[in-house]
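Take a look at the structure below.
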Amino acid sequence: MKIYISADMEGISGIVDWEYTSSERYDYSRARKLMTGDVNAAIQGAVRAGADQIIVNDSHNSMNNILLEELLAPASLLSGAPKMNSMMEGIDSTCDGVALIGYHAMMNSTGVLNHTFSSLSVYSLKLNGRETGELGLSAYIAGYFNVPVVMVSGDDQLSEEAQAFVPGVKTAEVKEARGRFAAICRNLAEARGLIADRMYEAILSRNSIKPVKIEGPVTIEVALQNGAMADAAQIMPGAERVGSTTVQFTAPDILVAYRAFRTITSLASHA
Ligand SMILES: [Zn+2]
């Protein structure tokens, strides 16, 4: 059985602000260890449930955060960036289930460190009219390959978002949001025990969780943080300016929509 893990950093146990998540800040070395610890807990749960192949895709920022020297077998690590499918690079139809570890709630929610790809440039993202965050994007990419997201870990706000996107998904709430930069964090032993247990349960019940699909064409509407960012983003071929700060693009499928969104975000961030 092959399990795919996409691991972000903002929803990892104990992480509450940008001091942890940026490689230039003082808590970053702690954050790498915390992230590797949560991922290892998921690996342990997956192995207990019978997984013999596990691929871990490092999905945060420069995507080289997880410490390979501490990563448990039998997981292999997809490290580094850029990657064509970014937070979901390496997923394909041979995977039996997906876990999203250390994920966070979408921009404009009340979750810890809430944002959608870029807190500096993206104000909101809609896919065919539905407000979508990173969790939704990753779930749709998995769905394209007919693989269900069976388990997510992060804060309580992410859990709510996950249930709305993926009915029946198992959730490990490792912290309770008390603001964008504050949370009540479970102690690490408890948090990691919870991740392992939820992962185990999720894999055993994976056949009852459906892949989340969005049929093409997929229209993305990206509201940026200011007009200059929209000026830059509308340069992308096929993009249409639909508001003072909003750019729209219609893609044939979710994979192209995902690439278009990341291109828009990248152009905007250089404005
Ligand atoms: Zn991240």
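The residues of the chain are indexed from 1 along the displayed sequence. In what follows, every heavy atom counts, from backbone to side chain, and hydrogens, waters and symmetry copies are set aside. Note that ligands are numbered from 1 as they come in the structure, with each ligand's atoms numbered from 1 the same way.
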| Exceeds 12 heavy-atom contacts within 6.0 angstrom, atom OH of Tyr200 | no
| request: Assess Arg259 against Phe249: is NZ or CZ under 6.0 Å from the centre of the six-membered ring, and within 45 degrees of the ring's axis? | output: no
| field | Polar protein atoms near the Zn ion (ligand 1) [N, O or S; cut-off under 2.8 Å] | value |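 Near the Zn ion (ligand 1), the protein supplies Asp8 OD1, Glu10 OE1, Glu10 OE2, His60 ND1.
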Compile the donor-acceptor pairs under 3.5 Å between side chains in residues 137-151 and protein atoms, sequence neighbours left out, one pair per line.
| from | atom 1 | to | atom 2 | distance (Å) |
| --- | --- | --- | --- | --- |
| Ser138 | OG | Tyr103 | OH | 2.9 |
| Ser138 | OG | Glu134 | O | 3.3 |
| Asn146 | OD1 | Lys213 | NZ | 3.3 |

| field | Lys/Arg-Asp/Glu bridge criterion (N-O < 4.0 Å) met for Arg48, Asp197 | value | yes
| task | Flag the pair Tyr20 / Tyr28 as yes when their ring centroid distance falls below 6.0 Å, and as no otherwise. | result | no
| field | Minimum-distance pair of heavy atoms, taken over all atoms of Tyr4 and Glu89 | value |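 Shortest heavy-atom separation between Tyr4 and Glu89 comes out as OH-O, 2.6 Å.
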